[in-house]
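Presented below is the structure to which this report refers.
Sequence lines set the chain letters: A, B, ... in the order given, protein chains first and strands last, and positions in each chain run from 1.
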Protein chains: 2
Amino acid sequence: MSSSDHSLRVLVRKLESIGPLSAEERQAVESLPVKTRVLEPGHDIVNDGDQPSHSCLVLSGWVCRYKMLSLGRRQVLSFHVAGDIPDLQSLHLPLMDYSLAPLTRSAVAFIAHESLRELTATFPGLAAVLTRDLLIDAAAYRAWLTGLGRRSAYERLAHLFCELYLRQQAVGLAEAHRCPLPITQMDLGDALGLSNVHVNRVLKEMRGSGLVTLRAGTLVIEKWPELAQAAEFDPSYLHLRSGHAV
Amino acid sequence: MSSSDHSLRVLVRKLESIGPLSAEERQAVESLPVKTRVLEPGHDIVNDGDQPSHSCLVLSGWVCRYKMLSLGRRQVLSFHVAGDIPDLQSLHLPLMDYSLAPLTRSAVAFIAHESLRELTATFPGLAAVLTRDLLIDAAAYRAWLTGLGRRSAYERLAHLFCELYLRQQAVGLAEAHRCPLPITQMDLGDALGLSNVHVNRVLKEMRGSGLVTLRAGTLVIEKWPELAQAAEFDPSYLHLRSGHAV
DNA sequence: CGCATGGTTGAGGCTCATCAACGCCCGTGG
DNA sequence: CCACGGGCGTTGATGAGCCTCAACCATGCG
């Protein structure tokens, strides 16, 4: 079931934000066989403990990785937008150690591991880009870890906003000074190790200081320099190819 | 400058804890050219922002990854023991986004990226094992992230102890119910997002409840089941080949 | 012996969690 | 068309968990 509507272009765009692709490589990516689905929040894509035979490319909407603890405690590990393949690592590490779920209505394309193996065997350049993508992922974990361990609630939110803006900009999903952020304050809290109540209070404070406004699923960054400074944000961990002027 | 004393056996042992190696692969790893050094705490191995041309294999002692923030805030991202190559990712991601430092007097072997590239080009099986190692690293980040975000101080310490015990057991560094842990309470705090004072208090509490004792650089696990339960510890994220009975 | 490093303990305070109530928006069904 | 309900955002009150500061102790080393 090939994609007739070029939905795989979001993947090409993402990979090109990481490293250059040849025309052949672009072509090979775009003709990957996929199964497309539209998913609603509340229905997980893959679960902790699974051994999936496909990986999941996000085509639209927002998806997150998360882990659960007792007493309903949830930790969101990352957010994903169009172009991301959050469970790419299951190609090399069969057993899932986290779950994957849509946070909004999302379209995803399932790509068989077999297809990916064939692709990377044929195009070592693509294999290298995908490896880089996995390692950039790890760099993002390091940044989040630093935030959870040593940043205040205010700094954590500021840092997350910087990251999400730049990542979306890199794949053409952001406008000047604004980008989509259609997730609940609960989800933000679960990502930042905070309660939804406290997220709300910090957002109010940020709004008051005129740095950032989050409303109706849109993030508006009014003062990028101040925001980046408050977050001690250094974009190098995203390892983006392009500059990121705002 | 080859290793005359087979110091690379620690690497073989580590890689075999991840996946099987053929005799040729073992031989190839053991004959990697390396430069060995002994390093003292306080002198970083690699720094945030560097673009190293070598990766660093730990031969003995304890090494950590860390990131710094303003006001002296430090976040330790991982601990490493003999057999680990903490900055292996610099082979694919040239720019370091964290620093690497010894926590005790440590012996390390520097392996040129060029040598590693040659090795993985010749032995795809080794390339696969190294990739798996990088991804297991990411799994550990996820476990730590969950701890920092959603676990109490007590649970975080318990979880860390479980991880460090099993990882050392996997490469033959642990005895029954005990293993080395020669790092300061300050370092533990910087890893767990806690102050050294609070680490001290929680350790006292654990000692009191008879679960775990940490003294003179040795961790003694008196009640593994209770400890693992308190931590909600699930070892699957370590993706070890062997079972891990205690 | 004196000093440095790291471990231990107490007092007080701040950040953030929890609980609870209320308002808004929007979809749904009578 | 309106009543109802659920999800989400907002606000207040209270308290737990952990931090900071500061002092003191134990150990090891020159």
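As a whole-Å value, the separation of M186(B) CE from dC19(D) C1' is 13 Å. Rounded to whole angstrom, the span from the CG atom of N196(B) across to the P atom of dT8(C) amounts to 11 Å. Spacing between atom NE2 of H198(B) and atom C1' of dG7(C) amounts to 16 Å, rounded to whole angstrom units. Distance CZ (R207(A)) to C1' (dT10(D)): 9 Å, rounded to an integer number of Å. In this structure, R151(A) places its CZ atom 18 Å from C1' of dC16(C), rounding to the nearest Å. At whole-Å resolution of the value, CZ in R150(B) and P in dC16(C) are 13 Å apart. Rounding to whole angstrom units, CG of residue L148(B) and C1' of dC18(D) are separated by 14 Å. Atom-to-atom, CZ of R73(A) to P of dG17(D) comes out at 12 Å; the value is rounded to the nearest Å.
At dT11(D), one or more side-chain N or O atoms of K204(A) fall inside 4.0 Å of OP1 or OP2 (strictly under the cut-off). Of the side-chain N and O atoms in N200(A), one or more sit less than 4.0 angstrom from OP1 or OP2 of dT10(D). The phosphate of dT8(C) (OP1 or OP2) has a side-chain N or O of Q185(B) nearer than 4.0 angstrom.
A side-chain donor-acceptor contact under 3.5 Å links Q168(B) to the backbone of P180(B). For D44(A) (side chain) and A101(A) (main-chain N/O), no donor-acceptor pair under 3.5 Å exists by modelled atom type.
Across all strands, G193(B) comes closer than 4.0 Å only to sugar-phosphate atoms, never to a base (heavy-atom distances). Among the protein residues, S195(B) comes within range of the nucleic acid bases, having at least one heavy atom under 4.0 Å from a base atom. Contacts of L203(B) with the nucleic acid, taken as non-hydrogen atoms under 4.0 Å apart, are absent.
The A153(A) side chain lies nearest to dC16(C) when the options are dC16(C), dG9(D), dT9(C). Among the nucleotides dT9(C), dC8(D), dG7(C), the one closest to any side-chain atom of V197(B) is dT9(C).
Ionic pairing of D190(A) and R150(B) is present here: one or more N-O contacts between side-chain nitrogen and carboxylate oxygen are shorter than 4.0 angstrom.
The distance between the ring centers of H159(B) and Y237(B) falls below 6.0 angstrom. The aromatic ring centroids of W224(B) and Y165(B) lie less than 6.0 Å from each other.
Where I183(A) and R201(A) each meet DNA chain D at their nearest nucleotide, the meeting point lying more 5' is that of I183(A).
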